[in-house]
Amino acid sequence: MNEKEKTTAIEAAPGMDMGEFWFDFKHIRRMNTQSGLRAGSQTNHYTFVAFLEGSGWLRSRGTDRWFRSGACLIIPPGEEFEYEGYSNEAVIGASICFDLYKRGKEGAWEEAAANGLFAEFIQIASLSRLAGLLKALETTDTAFGAAAQLNALRKRTRFQELIIFYLENAASEETATNASTAIERAVVYLESNYREPITVEQLWKLSGVSRSQFSALFQAATGRKPLDYLTEVRIRRAKELLALSNDPLREIARSIGFKDEYYFNRRFRQVTGISPKQFGRLHQRSGGAVDCLGREQAIPLADSRVVAIGYALGDLLALGLRPIGADLSVIGKQVVFRNELEGIEDVGLLGDPVMIAALQPQSILYCSFEDESLRALSQIAPTFFVKRNQPTYERLRQVAALFNKKKAAEKWIASHMRRSEMLWKRLNRMAGQGETAAVIAVVDGRLYAMGARGMAQTLYQPQAFLPAPGIRRLINEQISFQLITEEALPDFAGDRLFLLVNEEEPSRRKAFELTSGPIWTGLEAVRRKRAYRTSAQWNYDDPITMDRLLLKLPDILGNPL
């Protein structure tokens, strides 16, 4: 980092003119606490606390804060703090006492505190640099006279370097978070509104960053320019429509945001290398649909004897189609529409071929993990694979196209989008723009971080929340959910935290242990009363659950833990 960048970073530190402050080094103490032991301190000086190894929690101001390697915090004078390593971890670090002056006058801590200097842990990016600065301060000497004075000056200078390094990291952390949030907001808007005319100007205004920064930040985050990303989203949707319907090209073009079929045709060819008509012929054949064995089936499919496996059950019911069988072993005990399942036969977890064959279905919809069972089911009846990870609107359209229910699907989608937008406008006081959120599910006594599936489909909206950085990683890698440990929870938590708990005893017990422990209570969302607990029945993204969740959300947000 050059001198100009350093100056900018310091000036960007929370709300203060740092040139008016002087940090006067007093002494440094090594922290080396064995596993399971608690240590602490209280002085009449400011204390700079840095953790180099281990993780655990630090208690100050009556609050437990979770820390890990690289975490640093400044504690005001007279404030007691103590720390303890988690589980069997030892904690290694350093605490440095110093005084803070402003324009030669002691006692500047009120202004410093008001401007956020003591707000939260700052996570240092370079551990080796942090360790080197601490080691330089720890060096002892036996010099006397002028040499001792020079050494004292040298230590004060090294401490200034440490403070500058700390403030640079604080400024970088805030800048990175703001930039990430801005691009997330634009991406969510693109994914949700690709049918509408969209310009770069709209996106940068929505993002909140400067116009000169926006395109570069967007390309760095997504690998594409904003309008190229929009085209990719539209072409992806076009492929699905071309494979599932016989709609004229002009209707497909308009439905995905292109003004006319000629421009759509040209852009489609540029992206895929073939024309839309060629793509349709290759993937659809004679106006029919192709099942999992590659057999062409006439559409619309007969809707009287359908078996649903996985997440297609709620889609069928929302379209007014009632399957004769479904895998109700798990879903049937969890969904909010359990009272609507009467008369539907349970065919076992992920569909038992023997039980399904006994029902003599005319078609099978399979919306779960793609595996060898697809071939066995395809021997019973034409089986159609529905992508489980795609957004609800797209999944519903895919199912609707098979049964000539496209009008019903579009009617529900338009209604849900309108009601969702109205709800989030009413909730804007409860949900700040640009806030991040994470959904953690407790199932069978284990913790799962949710990607874009389930309740997340309702929460991650342009007018609502953005995925927390850890959750965004799952979404980018197309991971629906990931088993996590309690210690990893801070890596996934956002400004808001939604804990969805299954009804069985192991999950309720795990949720109680989690919310009573120091990792949970140390989370920022918990301390700010922005954590919520509700039933795991809301962790589905079928149309029925999503409709009812819109009615439930005000109650959830109004009752934090």
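Nothing here was measured: the structure is a model prediction, and the numbers come from that model.
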Value rounded to 0.5 Å, distance of CG in L423 from CD in E421: 11.0 Å
Who pairs with T458 by side chain to side chain donor-acceptor pair (under 3.5 Å), at least two apart in sequence or on another chain? none
If we ignore hydrogens and angles and just use 3.5 Å, is the side chain of D346 paired with the main-chain N or O of L328 as donor and acceptor? yes
Would you name the heavy atoms of G351 and I356 that are closest together and state the gap between them? CA-CD1, 3.8 Å
Is any side-chain heavy atom of V307 closer than 4.5 Å to one of P323? no
Least distance between heavy atoms, P543 atom then D315 atom: CD-OD1, 3.1 Å
Residues passing the ring pair (Phe, Tyr, Trp, His ring centres under 6.0 Å) test with Y448, sequence neighbours excluded, are F481
Kindly indicate whether a cation-pi arrangement holds for R496 with F465, taking the cut-offs as under 6.0 Å to the six-membered ring centre and within 45° of the axis. no
Of all residues at least two apart in sequence or in a different chain, which pass the side chain to side chain donor-acceptor pair (under 3.5 Å) check with Q457? T392
Sequence-distant partners of Y229, ring pair (Phe, Tyr, Trp, His ring centres under 6.0 Å), two or more places apart: F218
Just to verify, what does E394 make a salt bridge (Lys or Arg N to Asp or Glu O under 4.0 Å) with, not counting sequence neighbours? R195, R237, R397
Tell me if a side-chain donor or acceptor on T521 pairs with a main-chain N or O of G517 at a distance below 3.5 Å. yes
Partner residues of R419 under the salt bridge (Lys or Arg N to Asp or Glu O under 4.0 Å) criterion, sequence neighbours left out: D547
So, taking the atom named OG in S368 and the one named CD1 in I309, what distance separates them when rounded to the nearest 0.5 Å? 8.5 Å
Measure the CG-CZ distance between D491 and R473 for me, rounded to the nearest 0.5 Å. 9.0 Å
R395 and D541: salt bridge (charged side-chain N to carboxylate O under 4.0 Å, His left out), yes or no, with the steps? CA-CA 10 Å; R395 192 182 66 237; D541 50 36; 3.1 Å; yes
Under a 3.5 Å distance rule, please check whether S420 uses its side chain to pair with a backbone N or O of H416 as donor and acceptor. no
Set of residues satisfying side chain to side chain donor-acceptor pair (under 3.5 Å) with respect to E345, sequence neighbours excluded: none
Close side-chain approach of L73 and F51, heavy atoms under 4.5 Å: no
Please collect all ring pair (Phe, Tyr, Trp, His ring centres under 6.0 Å) contacts where either partner lies in residues 486-525, sequence neighbours excluded, each pair once. F498-Y532
State which residues pass side chain to side chain donor-acceptor pair (under 3.5 Å) with R472; sequence neighbours excluded, sorted by chain then number. E184, N476
To the nearest 0.5 angstrom, please state how far the CG atom of L130 sits from the CG atom of N169. 8.5 Å
Is it true that a side-chain atom of E340 and a backbone atom of F337 form a donor plus acceptor pair closer than 3.5 Å? no
For T47 and I96, indicate whether the former's side chain and the latter's backbone hold a donor-acceptor pair under 3.5 Å. no
Hey, do the aromatic rings of F23 and Y46 have their centres closer than 6.0 Å? no
With S69 via side-chain contact (heavy atoms from CB on, under 4.5 Å) - residues at least two apart: L127
By the ring pair (Phe, Tyr, Trp, His ring centres under 6.0 Å) test, which pairs, at least two apart or in different chains, include something from residues 537-561? none
SB check R508 E504 (cutoff 4.0 Å): no
Using modelled atom types only, decide if a donor and an acceptor are shared between the side chain of N193 and the backbone of Y189 within a distance under 3.5 Å. yes
Any donor-acceptor N or O pair under 3.5 Å, side chains E503, Q334: no
Determine whether the aromatic ring centres of F159 and F98 lie less than 6.0 Å apart. yes
So does K510 pair up with E486, basic N to acidic O under 4.0 Å? yes
Excluding sequence neighbours, so at least two apart, what forms side-chain contact (heavy atoms from CB on, under 4.5 Å) with S128? S126
Strictly below 4.0 Å, N to O, side chains only: are R530 and D495 in salt-bridge contact? no
